[in-house]
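Single-structure report; data block below.
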Amino acid sequence: MPKVNGTGAFDFKRPGTAEYRVDSLNSITLEEIQRHKLTKIAAANWAKTGDSKAAAAAAFNPLLVKEIYETDLLVKSGQKTVPLHRVMILEVSQYLENYLWPNFDPDTASFEHVMSMILMINEKFRENVAAWMCFYDRKDVFKRFLERVIRLKEEERTLSIAEKTNYLLFMINVFQSLEDEIVSETVMKLVNLKLWHCLSFGRFQMELCLNPNLIKKWKKMTKRVAKEDKKQGEPFEPTTAIEVRFLRSLIEEFLKVWKGEIFYEHLQLGLNFYYSEFNVLDILFVYFDYSLSCRFLRPVVADVAVVSKCHLSALYNHEKGRLFSQLVDLLQFYEGFEIDDHTGTQLSDDNVLVAHYYRLQAFQLLAFKKIPKLRELALANIGSIHKRADLSKKLSVLTLEELQDLVCNKLKLVSIHDPWAQKVDFLIEVMVSFFEKRQSQKEAINALPLYPNELIMWDESLVPSINYSGEGCLALPKLNLQFLTLHDYLLRNFNLFRLESTYEIREDIQEAVPHLLAYINNEGETAFRGWSRMAVPIKEFKITEVKQPNIGEVKPSSVTANVTFSISSYKAQIRSEWNALKEHDVLFLLSLSPSFESLSAEETAKSSVPERLGLKFVRGCEVIEIRDEEGTLMNDFTGRIKRDEWKPPKGELRKVTVALDTAQYYMDITNVAEKGKEDVYGTFNILMRRKPKENNFKAILESIRDLMNETCIVPDWLHNIFLGYGNPSAAQWTNMPDLLDNIDFKDTFLDADHLRESFPDYEVCFLSSDGTEIEHPVPPFRMKLLKALKSNTHALPGNKMSTLSAVDDVHMADQHSVRERLIVEAYIPPDPGPYPQDKPKQNSVRFTPTQIGAIISGIEPGLTMVVGPPGTGKTDTAVQILNVLYHNCPSQRTLIITHSNQALNDLFEKIMQRDVPARYLLRLGQGEQELATDLDFSRQGRVNAMLVRRLELLQEVERLARSLQLPEDVGYTCETAGYFWLLHVYSRWEQFLAACAQNQDDPSFVKDRFPFNEFFSNTPEPVFSGQSFEKDMRAAHGCFRHLKIMFQELEECRAFELLKSTADRANYLMTKQAKVVAMTCTHAALKRKDFLQLGFKYDNLLMEESAQILEIETFIPMLLQRQEDGYARLKRCILIGDHHQLPPVVKNMAFQKYSHMDQSLFTRFVRLGIPYIELNAQGRARPSIAELYNWRYRDLGDLPYVREDPIFHKANAGFSYEYQLVDVPDYKGRGETAPSPWFYQNEGEAEYIVSVYIYMRLLGYPASKISILTTYNGQKLLIRDVINRRCVPFDFIGPPSKVTTVDKFQGQQNDFILLSLVRTRFVGHLRDVRRLVVAMSRARLGLYVFCRRSLFEQCYELQPTFQSLLKRPDKLALCRDEVTQYTQRAVGETGRQIHFVSGIEEMAAIAHQVYEHSAQIDLVLNAHEQDNLNGVSSAAVPPVNGMEAHQGSSSNTQSQTDDLMDTDNGNAPPEGSTNDETNKERHADGGENGDASERSSKNASKMEE
C-alpha cells in the first residue's frame, strides 16, 4: 500500500473475526506446543489420544494441580489476567474433562483446584463452545461446586486482582446460563427476597411500605428460614448467610477501589489492570436483565448509593475514565428503568412524570413543615427545581448535620452508618439523583441522530476493535434470555444495531480514505493525489433549506443540501455505479484535513485513527434526488419522468440533493452558537457511498424507533413468552382458543396407509360423508382432532434432553394400552372441471409422522416451532402448512419471511407446485428475478398478469355468450360480465337443476339438457357419457364450477379495471388480492412504514431460516400492520430453523461475544424451553455420512429413500470410502500460516484438495457435482488461486461448482464435498459445534476432510464426529483400478486394491498418471474412429464411459500437462500475495473499492467466517 502523505503509516486493512489478541497470534508454533511441558504432563496424566495410553493409569495428584496453577496459570504481574496460550494448551488437552472434574470433591478440593476449573470454564466461554456439557454426569456435585465457588471469597486466601477478575468473569458466565437447570437453581438464590436482609433499616421499611403485598411473603420466608436453621442446630442469623452478603460485599469492594485517594494509587500502578473491577457492574447488568431479580436488586443498589458514589469518584470525570462513566450511566439508566417492579408492567411517559411530580410535591411539603431553611424550595414551582443545577443550589444552604438528618433519617435514602454519609457533596448528590427529572427513554431515542459521527465511530468502549477477546467489560447492552419490557427489548436492539452499523461504516471509511492520498497544497487547502471507488471529492456543498421545527420540538423539521461532484476521473463501470444513486440511498459527508507534514513513528503510535487519517468530521445524509450536468432528473421512480421520456445522463458533473439528519444538525449548530466550535458544514470535501446491500441500516433503525414511539402490541398469547416469562407452553396450539376442529388435509396423505403410519398410537377408522365405514379409503381426508391427540403432540421442551430409552418406554407402555379410535372422513372432492388446467396440483411427498405433527401444529392458531436438521424437508413441511392453511382458511392472508433470497425462492417455487392459485401469490423484494419460473411474481408482474388474464377471461365470456346465442358485448368489461353471470348463466343453471330434480331416472337427461354444451364442446374428452345420471351430474357440476371460478376471477380483476395508475393497482394487489405474500426479513424492515401507510394486513406469519435471522429482524415482521381496536390480528406464528447450525452474522466480535447480538429469536425460544417439533428423518445424505452429525440431534434417522435408492448404495468410483479424514502433514515445512491477522491459510491442504479435485474430474465426475469448502476466507482465496493456475486454463477440468467458506454454504448442498479445515496450531472457530454440523452436512454422496489429525482428534466438543472419522485410515484411500466415474462396487466395499496416498506430492503424481491414461484412451478412440471412417470395424474396442469431461484432451501438449499437475510450477502465491485473477475474484466477491493497488491493501484482511 502506498504511504499516505500527511496521515502517517497506518494499516488500513479491513480486519476479520478475531479469535485471539493480536499480540499472541504468531508467538507460538505447533512444535512449541508439542514440546511444551504442559503437553507432556497432559500426555502422562490425562490426555486420551492414541499416543498416551499411560494417562489412563495415572492416579490423581492434587499437588500436580497446585503446581500447574501456581507456575502456569497464576498471573502475578503485568497487564493480563490469564496466560492465554497455556490455558489454551490445557483446555485442548481436556484438562477439565479428564482430570479436574472427574477428581473434584467439593469437601476436599483445594483452592487451586477450584480456580483451575474456573479458568478452564472461562476459556470455553471465550471460545464459544458448550461449557457445562461435561458436568451433567454428576449434577449434585456440580451444584456443590457452584456453592463452593460462591463461598470462595470468604476463604482465608485473599484473591489477587487477576484471580478476582477471573472469578467475576466466571460468575458473569454463570449468570448468563440461567436456562441450564443445573446452573439456575443455585445462582438464582443470590437474588431473591432474602437479599433484603442486607438493606439498611430505613430503606427496608420504605420498600415494605411501598409494597405492602410483600409483607406477608417476608414473614413467611423469615419463618421458613428460621425453621431450617433450627433443624440444622444453627442460630438464626439471616444477615450472615452467603446469599444475603454476596452481592452487597461485591458492590462495596468495588466502591472501595475507586474511592478518591485509592484511585490515584491505582493510577500510578496502571489503570488498565484495575478495569477488571468493572466486571462487578457487569454482574449487576445481568441481574437487571431479569424482572424477577431486578425487583429485589434495585433497592440494594439504591441503598448502597452506587451511582452517586461513582459520580463522585475521581475516575468518573478523569480523561481515562470514559468507559467507567459510560458503565455508571448505564447502571443509572437501569436503576431508574421505567417499569413497575412488582407488576412487571411498563410505565408510560405520563406515569413516570406523575410519579416524579408526586415525589417532588411530597418533598416540598416535608421541607415546608420540617426544614425552615428550605422554605424557598418548598414554595418554588416544580419547573424551577427539578433540574440538577437548581436543586443542588437550593440544597447547599444546609449543614452536614441537617443534610444527614434529612437524607438518612427523614427520607431514609441511605444509612447513617455509611462512611460516605459524612460528606456534604455525597448527600447532596443522593438527593439530586433521587429528585431530578430524567429525560424519558422515548425523548432520548428521538433526539439521537440515526447516522454515526466521528465521536462515536472511534470510541473503543462503544465500538470496540475487532481484537476483543471476551474478557473485558464494555458499556454495551446485552441480549439475554429475558427482557424487562418490550421497550427494553427494542431499546437494546436499537443500540446494538446502531453500533454494529457504525462499526461497518467505520471500516468502510478506513478502507476508502487512504486511497485518496490527501495532502495540503501550496494554497493551504486539502487536495487529493489518489482516487477511491467509493469516495469522490466534493466540488461544492451548500445547505439550501432549513425548515421550522415541528410543534413541541427544537430541532428543524428538515434540512436539505446540494452536493456537487465530478465523475470525470472514473472508468465507465464506476461511473455507472455513481450514476445509479437513487432516492433513499445513504451517503456520508467527510471532512479531511491532513497535517502539513507526515506524522513521525512516535506520533503515529500515540495518535488516534482519525488523526492518522486526517479525518475531522463524518456526517450521514439521505439522497432526495440526483441530477446530471444539464439539471435533468436521474433515477426517478416516482413517476415524474415517464419511461419513454428517459434519457441517459449528460456531462460529468452530478448534483445530489440530500436530507441531513436534523438531530445532528441541531447539535452542531448549537455547538457553534454556544461553544464557539467550528462550523462542520463548511468543511466537507469528500462524498462517500457504500454498497447498496450493506447500506440499509437507516431504514431498519427508523423502523425500530417508530416501534418505540408506537403503542407496540404483540399478540396477548405471545407477549409473555416473547419477553421470556410465564409458561413456555402457553402459546402452543394445544393451549390456544378458537382451534380448527375439522381439518381438511387435502393432498397431505398419499394413501390410507400413509395416514395410519402418521398416527401409530391410534386406531384409525375411515368413514364416508354419510357416516358408513369404508374398507378401501382413498384421499383426500378430513379429520376432527381428538383431545388425546391435542395433548400428545410431537413437541418437546426446548431445554430438555430426550433419550431413546425414554421414547422406547413410552411406546412399550402404549403397546399394552387400548388404542383410542381416530375418526377420519374420506370424502369425494367435487369435480374440478373438464379442462386439464382445472385439475389441482398434487403433493408427492410422503410426510413422516413428525412432519404431520408439524403440519397440524402449523395450521392451528398459536406459536409453532419446527427444528429442521439438514435434509429433513423443512421447506416441504412449510409449503404443506401453507397449502392446507389456504384451503381451510381461504379468507386469511399469510406472510412468508426468510433470511435469504435463495431460501425464499426455493420456498416460493415449491408453493407454485401446490394447489394455490398463482393469482394469490406475491413475491416482494429484489430477488424475484432469480425465480426458476416463466411467471413474474413481483408486484408489477402480478398486475400485468391480472390484466392479461382479464382479457383472456373476457374473451371466454364472449365465447360463452355466442354459445348461448346472445350479444357478445357482455364481455366488454368485468362489470358487464358480472351482470351477464347473474342474468343468463346462473339463471340457466338454476333452471337446469330444477329440471334435473324431476328427471333423475333418465340417464341421458343431463347430456341432452345441459345448457352450456356448446361452450364445453372444445374439451379434450367428451364431458358426458349419457350412460349414468349420477356421473353426468357430477361432470355438470364440474363444468359449472369452471364457469363459477371464471366469473369469480373476473370479479377479482374488476378492481384493476377501475384503478388506472400502476401504483394503485400494485398496492391493491398487495393489500387486498394476494393471499400469500413473501419477502426477506431485510425487505420487511426497510418497507415497514410503507406497509403501514397502505394498510397491509395478514393473519399468519411463517418464517424460514429463523435461526439465522437477528432478533430484531424477526420481531419487525410481526408488526407490519396496524392494530385493530387495540388488538393484534396475528393468529399464527410459525418459526422454522435449526439452532444447531450457524447463527446470524455479526461482524464485530464484541457485539457477538459480549452482547450476544448473534442470538436469534428462535434460539432464545429454544433456550427458554418453549416446546418445538424436531424433524427426525433426513433424506439428503448417505446414512453413513449423516452419522457424522446426527449425534447433535435428538433422534435423527433416515428416510426410506436414502436407504433404498440405488445412488446411495453405489460406492464413489476411485475412492475406497464414501467419507474419510485425510491427515495433511506440513508442506514445505509449514502448516497453517497467517500473512496478516486472522487471515489463515494452509498451502498444503490447498494443493492436496485441488489435486483430488483434478483426479475426480479426470475420472469423469461432473464439476457441477463437486464443491470445495473451507473454514477461513484466507484459505478460500488461496484455493481459488491454485484452481485458477491448475484447473481453469484447461477446459476439460475447469473450476468446481463452488469454492467458498462453510458459513457461506449454509443452506446449500452438493453430491461431493472436499473440506479444508486449515488450522494446525489451535482448532479455532470450528470448535463451535454449529459450524461443524454445517460442514459435515453439506455432502450427499462423498465427504473428504483434509486437516491435521493430531490437532482435531483432541478437541472435546468435536469428538463424536472425529471418532467416527478416525475409525478409517487417515491416508486417502483410492481404488486405482477404477478409471471412470462408474462402478458396480457397493458402498462399504473398499475395492480389491486399495492404494493409500502418502502425501501431497503423490496425489499430484496420481492425477498426472490418470490424465496420461485417459489421454492414451482418447488417442485409441480417435484412431478407431478414423478406421471406422475408412471401413474398418471397431467392435473390438471397449466403450469408455464417464470421460465426457475431457474430449480432445489428447491435443494438449506435455508442457500443458506439466502445468496442470505440477504443484510447484509457478508456485502457489506466497501468503498474502496476489495476482490479477485473484484481484478480480476478490473484487467480485467483496466489491472492494478502487484499482488493483487499492484492492491489494485488503487481500490479507478478509474476515474469518
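Along the sequence shown, the residues carry numbers beginning at 1.
With Val1202 as the partner, the side-chain contact (heavy atoms from CB on, under 4.5 Å) test is satisfied by one option alone out of Arg1182, Gln1178, His1209: Gln1178. Each of Thr1361, Val1323, Thr1320, Leu1221 was evaluated against Phe1352; a single residue qualifies, Val1323, per the side-chain contact (heavy atoms from CB on, under 4.5 Å) test.
Distance check, rounded to the nearest 0.5 Å: CG of Leu1258 to CD1 of Ile1406 gives 12.5 Å. From Ser1398, atom OG reaches atom NZ of Lys1371 across 7.0 Å, with rounding to the nearest 0.5 Å. The CG atom of Leu1188 sits 6.5 Å away from atom CG of Leu1343, with the distance rounded to the nearest 0.5 Å. Separating the CD atom in Gln851 from the CG atom in Leu1199 is a distance of 7.0 Å, to the nearest 0.5 Å. Rounded to the nearest 0.5 angstrom, Leu882 CG and Ile911 CD1 are separated by 5.0 Å. Atoms CG and CG, from Leu1278 and Asn1273 in turn, are 12.5 Å apart once rounded to the nearest 0.5 Å.
With contacts defined as side-chain heavy-atom distances shorter than 4.5 Å, the pair Ser1316/Lys1276 does not qualify. You'll find the side chain of Val1282 stays beyond 4.5 Å of the side chain of Ile1249, heavy atoms only. Side-chain contact check for Val1334 versus Arg1330: every heavy-atom pair is 4.5 Å or farther apart. Looking at heavy atoms from C-beta onward, Phe1362 lies in side-chain contact with Leu1332 at the 4.5 angstrom threshold. Here the side chains of Leu1372 and Phe1396 are not in contact, with every heavy-atom distance at 4.5 Å or above. When side chains are defined from C-beta on, Val1252 does not count as touching Val1397, because their heavy atoms never get closer than 4.5 Å. For the pair Arg1319/Thr1271, no side-chain contact is recorded, criterion being any heavy-atom separation below 4.5 Å from C-beta on. Using a 4.5 Å heavy-atom threshold, the side chains of Ile1136 and Glu1104 count as touching.
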Give the C-alpha distance, both sets of side-chain angles, the deciding distance and a yes or no for side chain to side chain contact (heavy atoms under 4.5 Å, CB included) between Val1288 and Ile1283. CA-CA 6 Å; Val1288 172; Ile1283 286 174; 4.0 Å; yes
Quick one, Asn1310 with Ile1266, criterion side chain to side chain contact (heavy atoms under 4.5 Å, CB included). Give me CA distance, side-chain angles, the key distance, then yes/no. CA-CA 6 Å; Asn1310 211 339; Ile1266 306 170; 5.5 Å; no
Does Phe1292 form a ring-ring contact (aromatic ring centres under 6.0 Å, His included) with Tyr1411? I'd like the steps, not just the answer. CA-CA 11 Å; Phe1292 57 92; Tyr1411 171 76; 5.5 Å; yes
Given side chain to side chain contact (heavy atoms under 4.5 Å, CB included), test Ser1267 with Ile1313 step by step and report yes or no. CA-CA 5 Å; Ser1267 293; Ile1313 297 293; 3.7 Å; yes
Evaluate Tyr1344 against Phe1215 for ring-ring contact (aromatic ring centres under 6.0 Å, His included), listing each step before the verdict. CA-CA 10 Å; Tyr1344 301 95; Phe1215 296 91; 4.6 Å; yes
Are Thr1233 and Glu1243 close enough, and set up right, to give a side chain to side chain contact (heavy atoms under 4.5 Å, CB included), and what steps lead you there? CA-CA 8 Å; Thr1233 56; Glu1243 191 177 348; over 6 Å; no
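Judged purely by atom type and a 3.5 angstrom limit, Tyr1261 has no side-chain atom pairing as donor or acceptor with the backbone of Tyr1255. Panel note: side chain Asp1303, backbone Leu1142; no donor-acceptor pair is recorded below 3.5 Å. Listed for the Lys910 side chain is no donor-acceptor partner under 3.5 Å among the backbone atoms of Gln880. With Asn1242 contributing its side chain and Glu1245 its backbone, the two residues share a donor-acceptor pair below 3.5 Å. For the pair Glu1105 (side chain) and His899 (backbone), a donor-acceptor distance under 3.5 Å is present. The backbone N or O of Gln1141 sits nowhere less than 3.5 Å from a side-chain atom of Gln1306 that would complete a donor-acceptor pair. A donor-acceptor pair is defined here as one N or O able to donate and one able to accept, closer than 3.5 Å; such a pair exists between the side chain of Arg1180 and the backbone of Ser1337. Using modelled atom types, no side-chain atom of Thr1080 and backbone atom of Ser900 make a donor-acceptor pair closer than 3.5 Å. Looking only at distances, a side-chain donor or acceptor of Lys874 sits under 3.5 Å from a matching main-chain atom of Gly868. Under the 3.5 Å distance criterion, the side-chain polar atoms of Gln1275 are left unmatched by any main-chain donor or acceptor of Leu1317.
Within a 6.0 Å radius of CD in Glu1204, more than 12 heavy atoms belonging to other residues, nucleotides or ligands are found. For Lys1265, the NZ atom counts as loosely surrounded, since its 6.0 Å shell holds 12 or fewer non-hydrogen atoms of other residues, nucleotides or ligands. The number of heavy atoms from other shown groups lying within 6.0 Å of CD (Gln1393) does not exceed 12.
The stretch residues 1382-1396 participates, sequence neighbours left out, in these salt bridge (charged side-chain N to carboxylate O under 4.0 Å, His left out) pairs: Asp1377-Arg1392, Glu1378-Arg1385. Within the structure, every pair that satisfies the salt bridge (charged side-chain N to carboxylate O under 4.0 Å, His left out) test and touches residues 1208-1225, not counting sequence neighbours, is listed here: Glu1218-Arg1368.
Salt-bridge check for Glu1232 with Arg1348: failed, with every basic side-chain N at 4.0 Å or more from each acidic carboxylate O. With salt bridges taken as basic N to acidic carboxylate O contacts below 4.0 Å, one links Arg1285 and Glu1247.
Between the side chains of Glu909 and Asn905, not a single donor N or O lies within less than 3.5 Å of an accepting N or O. With no hydrogens or angles considered, no side-chain donor-acceptor pair links Ser1364 and Glu1187 at under 3.5 Å. Side-chain atoms of His1395 and Glu1402 form a donor-acceptor pair, as typed in the model, at a separation below 3.5 Å.
Shortest non-hydrogen contact noted between Ala1213 and Leu1259 is O-CD1, 3.7 Å. Heavy atoms only, all atoms of each residue included: Leu1326 and Leu1358 are closest at O-CD2, 3.5 Å. When all heavy atoms of Ala1263 and Pro1295 are compared, the closest pair comes out as CB-O, 3.5 Å. When every heavy atom of Gln1308 is checked against every heavy atom of Arg1338, the shortest pair comes out as O-NH1, 2.8 Å. Minimum heavy-atom separation, Asp876 to Arg914: O-NH2, 4.3 Å. The nearest pair of heavy atoms linking Leu750 to Ser844 is CD1-O, 3.8 Å.
Between Tyr1272 and His1325, the angle of the ring planes stays under 30°, which puts this pair in the parallel group of the 30/60° scheme. Ring-plane geometry between Tyr1193 and Tyr1189 is classed as perpendicular, the angle between the planes exceeding 60 degrees on a 0 to 90 degree scale with a lower cut at 30.
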